[in-house]
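Reading through the structure tokens given below for one structure.
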Amino acid sequence: MDFRLTDDQRALQEGVRKLLEGRFGRERLRAAVDGPGAEPVPSLDRALWRELGDAGFFALRLPERDGGVGLGLPEAVLAFEEAGRALLPGPLVATHLAAGTVPGAATGETVVARVDGELVEWLDAADHVLGNAAGAVPVRSVDPLTPLHRVPGAAGERGAVTGSGVVTGSGAESGSGAAGGFGAADAVLAALLTAAEQLGSAGRTTEAAVRYAREREQFGRPIGSFQAVKHLCAQMLVRTETARAAVYGAAVTGDAVEIAGAKLLADDAAVRNARDCLQVHGGMGFTWEADVHLHLKRAWTRAERWPAEREAAELLAAALR
């Protein structure tokens with residue numbers, strides 16, 4: 001099977017990257033992070049959200065007869081990979097999967113959030129919530145661009161996926177667990193699109209580490225010439241490309257178990273690559289002004305979305321029986 005991207009897929013990927021570089025480049029990212037006050041409360045850029053809708057980001061998989069672009073899951077994965085690379089904030093996955101069922105989601109006019117276990121991202125900015133968020137209270141988020149609410153009493157309601165891709169457990173019936181208000185199929189797709197975002201972040205931190213290792217000099221030569229730094233960068237690349245193969249492969253098969261494995265690998269790549277990128281940057285990497293910590297914090301936050309590490313590992317283990 002040939003997993004190389006087609007010309008159309010490469011053009012889509014480049015188009016999304018250019019759109020995000022133009023509308024949410026580093027200056028806009030830092031402006032969003034460094035908002036007014038010591039503890040900025042992030043707000044969603046509605047104009048950007050509508051522009052994403054106009055570009056077909058949310059309607060990418062919606063059939064053309066329903067006003068969508070008519071592409072498939074592999075193309076959606078490429079778009080979400082670019083969103084992860086840019087650290088684009090907002091409930092992208094929920095809104096994308098709600099296109100065609102929630103009025104205005106496909107065009108970006110409606111912002112959709114969803115309950116994932118006991119957490120809800122971007123609840124205050126949402127026009128529509130999938131799942132029961134009654135009584136949700138705000139909690140401090142490690143990621144400055146992902147506001148969180150916790151739903152009291154929802155802990156432990158995250159369901160599980162069987163080897164056949166069926167969501168089970170109380171969350172599947174109530175709409176507040178693994179599915180988070182989605183059907184079983186959409187809950188699995190949400191995991192894959194999250195994995196794609198993690199993949200984009202892993203790739204971006206790998207590039208940042210390599211670039212800095214080439215530029216930063218110590219003892220009269222670039223630090224990238226030192227074996228310890230070479231090994232860090234090489235390991236980052238291996239993790240990224242391993243995750244890429246798993247995510248792209250799962251996008252083709254749509255298999256629930258493969259998607260769980262892809263998210264497991266992508267979560268690991270995003271978190272560990274951000275930590276190694278910080279290590280390559282040395283003391284500067286720990287500063288607020290550097291962007292490395294933003295990738296690490298977003299990776300931590302995404303890794304808690306269903307299925308988290310233990311849930312994904314349990315699913316993979318169950319499939320081996």
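By convention here, the first residue in the shown sequence is residue 1.
Classification of the W288-H293 ring pair by plane angle, with boundaries at 30° and 60°, yields tilted. In this structure, F226 and F219 have perpendicular ring planes: the angle between them is above 60°, well past the 30° mark.
Hydrophobic clustering keeps V229 apart from V210 (ILVMFWY residues linked when any side-chain heavy atoms are closer than 4.5 Å, directly or through intermediates).
Of the options H295, R272, E207, M236, a side chain to side chain contact (heavy atoms under 4.5 Å, CB included) to C277 is made by M236 and by none of the others. Just one residue in the list R239, R204, Q235 forms a side-chain hydrogen bond (donor to acceptor under 3.5 Å, both in side chains) with N273, and that residue is R239.
For the residue pair T110 and D127, no side-chain donor N or O sits within less than 3.5 Å of a side-chain acceptor on the partner. If you check the side chains of T240 and T206, you find a donor sitting under 3.5 Å from an acceptor.
Between R244 and E241 a salt bridge is recorded (basic side-chain N to carboxylate O distance below 4.0 Å). With respect to D291 and R30, a salt bridge is recorded, a charged nitrogen being found less than 4.0 Å from a carboxylate O.
You'll find the side chain of L29 reaches within 4.5 Å of the side chain of L294, heavy atoms only. Between L44 and W122, some side-chain heavy-atom pair lies under the 4.5 Å cut-off. For the pair T301/E121, a side-chain contact is recorded, criterion being any heavy-atom separation below 4.5 Å from C-beta on. Looking at heavy atoms from C-beta onward, L73 lies in side-chain contact with L189 at the 4.5 angstrom threshold.
Its side chain outside the 4.5 Å cluster rule for every partner, V137 clusters with none of the Ile, Leu, Val, Met, Phe, Trp and Tyr residues.
Of all non-hydrogen atoms in V247 and A266, the two that sit nearest each other are CG2-CB, 4.3 Å.
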